[in-house]
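Letters go in sequence order (proteins before strands), and every chain restarts at 1.
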Amino acid sequence: MSKQAKQVEVTPDYLAEWNEPRILQFQDDLVHWYSQRKRDLPWRLNQDPYRIWVSEIMLQQTQVITVIPYFERFMEWFPTIKDFAEAPEERILKAWEGLGYYSRVRNMQKAAQTIVSDHQGEMPTNVADISELKGIGPYTTGAIASIAFDIPEPAIDGNVMRVYSRLFEVSDDIAKPSSRKTFDKLVRATISQTDPSSFNQGLMDLGATICKPTSPLCEECPVREYCASLAKNTVGQYPVKSKKVKARPVYYQAQVIRNQKGELLIEQRPSEGLLANLWQFPLVEVSADEYKKDWSSEALAYDLVAEPEQAYLSDVINQVVWLEKPVGEVTHIFSHLKWFIQVTFGVVKDAEELCLKENQRWVKPIEVDSYPLPKPQTKMLELLKKENII
DNA sequence: AAGGCGGGGAA
DNA sequence: TTCCCAGCCTT
């Protein structure tokens, strides 16, 4: 196989069916839809780069409906870039009060001061100089360049990645910064050269009103006939986006319990939820404080006070089991949880008097392995073997 | 590459 | 109530 062919396997050729006439038609359909249906917004009155700049900074992480009154007041308070550059910080923060991400307005003022000192008070008109300004990254550079100066520069935000991931069935994880390259290539290959302003703003409006994160209105979409995911009925699978939720810590005490026949107690997890129906040594969730306490053998030497015939095992485990020793710790990270497990080992004095729960049973140590066990449990087994407990 | 930075609207 | 949204700077 040639090197060229392998390359195709690795990198999908999203544009294989997009010849020049099709690209031009796509641009025309989007731009035409925008001209007919564009939202009436105060920063769309003209092509004033200052107004466009202010609006784009405000619109980062902030919805249009929220921004509008802030934008109007901002332009009243600071009619020119110079006015804004010279304003006291207290004043610019007051103008931003309630919008959040306050470094946006501080960075914007630094950029305004740069514009006054280095660019005669006018927003520079080329991509390189625009992107040098504080607080103006790749997205805002593209937005200002295309909307204010009709430069065919992509303005790739979450909306555009969502639209393009559906249009071309792009499976790149849009949560990863590296995925921007894929979308940058696709937008550069398809952006209108004759009206990049309407094209980019059309994408923005499309993402906001039609190609929404949930419940997209595909039947109303002006470019539905170009959409690969709509054709394949996979719209709901795009965009691919990993959630970077921090793994929440959960603390357990695991109770490895042996009866006088040498059997170990295991139990089946509930039929729903995490690790449904898998088996485990009984786990008891404890608070972080409880978990972090000194768990030397002395601290864990519980009294043996048994009235077992009235009790379910592991509900009153501290009373019916004498813990010989703490064994060690096992940790395991799930996508959203991090388990910390204190492993303890004990012996039941008289197992016959214990009332097992429906989902619990005694099994020979050699048989534990034959049950489906979650990873943390196999880690526990390894630990127990290493410590010569079983 | 990953964490920090707010607040609003939808589910 | 919780979940989802997501650009730029800093480290």
Side-chain angles (χ1 to χ4, degrees), chain A residues 39 41 43 52-71 73-74 89 92-115 123 127-147 153-166 170 172-184 187 200-201 203-217 235-249 273-274 333 335-338:
Chain A
R39 293 173 291 177
L41 302 172
W43 46 88
I52 291 159
W53 175 31
V54 171
S55 72
E56 288 300 338
I57 299 297
M58 285 185 172
L59 286 165
Q60 291 169 8
Q61 285 82 34
T62 311
Q63 301 217 328
V64 165
I65 191 66
T66 305
V67 163
I68 290 174
Y70 282 91
F71 177 82
R73 191 180 63 174
F74 194 97
E89 173 164 88
I92 67 169
L93 287 176
K94 191 66 183 174
W96 216 260
E97 184 183 85
L99 272 182
Y101 288 114
Y102 298 93
S103 64
R104 287 187 293 176
V105 72
R106 281 191 291 267
N107 287 336
M108 191 164 62
Q109 190 180 43
K110 286 179 193 159
Q113 290 161 354
T114 301
I115 289 172
M123 174 69 69
V127 166
D129 287 344
I130 294 170
S131 63
E132 286 282 307
L133 296 167
K134 195 80 169 173
I136 299 186
Y139 164 76
T140 309
T141 297
I144 294 172
S146 62
I147 299 171
E153 182 74 10
I156 299 167
D157 64 355
N159 282 323
V160 172
M161 287 193 284
R162 183 171 62 254
V163 170
Y164 270 71
S165 69
R166 288 170 175 167
V170 177
D172 297 32
D173 182 355
I174 68 167
K176 293 183 185 301
S178 57
S179 297
R180 253 192 61 92
K181 292 180 204 147
T182 303
F183 294 99
D184 188 78
V187 176
N200 277 349
Q201 292 184 89
L203 285 180
M204 294 173 190
D205 281 20
L206 191 68
T209 65
I210 304 287
C211 200
K212 301 184 292 181
T214 60
S215 325
L217 307 174
V235 175
Q237 298 174 28
Y238 300 95
V240 175
K241 182 179 182 182
S242 63
K243 306 176 187 180
K244 38 184 166 185
V245 287
K246 243 195 312 193
R248 179 172 59 88
L274 185 65
I333 299 176
S335 58
H336 58 306
L337 298 174
K338 181 169 184 180

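Of the residues in residues 52-68 of chain A, those with a non-hydrogen atom less than 4.0 angstrom from any atom of DNA chain C are A/Q60, A/Q61.
Across the protein-nucleic acid pair, A/I156 atom CD1 and C/dG7 atom P stand 10 Å apart, rounded to whole Å. Rounded to a whole Å, the CG atom of A/D173 is 13 Å from the P atom of C/dA6. In this structure, CG of A/L99 is placed 11 Å from C1' of B/dG8, rounded to the nearest angstrom. Atom-to-atom, NZ of A/K212 to P of C/dA6 comes out at 14 Å; the value is rounded to the nearest Å. Nucleotide B/dG3 holds its C1' atom 15 Å from the NZ atom of A/K176, rounded to whole Å. Atom OH in A/Y101 sits about 13 Å away from atom P in B/dG8, given to the nearest Å. A/R106 places its CZ atom 14 Å from the C1' atom of C/dT10, with the value rounded to the nearest Å. One interatomic measurement links the two molecules: NZ of A/K134 to P of C/dC9, which rounds to 6 Å at whole-angstrom precision.
Residue pairs satisfying the salt bridge (Lys or Arg N to Asp or Glu O under 4.0 Å) criterion with at least one member in residues 95-104 of chain A, sequence neighbours excluded, are listed as follows: A/K94-A/E97. Among pairs with a residue in residues 130-146 of chain A, those fulfilling side chain to side chain donor-acceptor pair (under 3.5 Å) read A/E56-A/Y139, A/Q60-A/T140, A/S146-A/N200, at least two apart in sequence or across chains.
Of the side-chain N and O atoms in A/K241, none sit less than 4.0 angstrom from OP1 or OP2 of C/dC3. The phosphate of C/dA6 has OP1 or OP2 within less than 4.0 Å of a side-chain N or O from A/R162. Between A/T214 and B/dA11 there is a side-chain N or O to OP1 or OP2 distance below 4.0 Å.
Separation of the P atoms belonging to B/dG6 and C/dT11 is 16 Å when rounded to the nearest angstrom. Comparing C/dA6 with B/dA11, their P atoms are spaced 14 Å from each other, to the whole Å.
With contacts defined as side-chain heavy-atom distances shorter than 4.5 Å, the pair A/V240/A/S165 does not qualify. Contact check for A/V163 versus A/M204: no side-chain heavy atoms found under the 4.5 Å cut-off.
Nearest to the side chain of A/N159, among C/dC8, C/dC9, C/dA6, sits C/dA6.
For A/R73, the side-chain contact (heavy atoms from CB on, under 4.5 Å) partners are A/Y70, A/W77, not counting sequence neighbours. In this structure A/D205 satisfies the side-chain hydrogen bond (donor to acceptor under 3.5 Å, both in side chains) test together with A/R39, A/R44, sequence neighbours excluded. Residues satisfying the side-chain hydrogen bond (donor to acceptor under 3.5 Å, both in side chains) criterion with A/Y238, sequence neighbours excluded, are absent altogether.
Nearest-nucleotide mapping onto DNA chain C: of A/L133 and A/I174, the residue sitting toward the 5' end is A/I174. Checking A/Y102 against A/S215, the closest nucleotide of DNA chain B that is more toward the 5' end is the one next to A/Y102.
Contacts of A/P177 with the nucleic acid, taken as non-hydrogen atoms under 4.0 Å apart, are absent.
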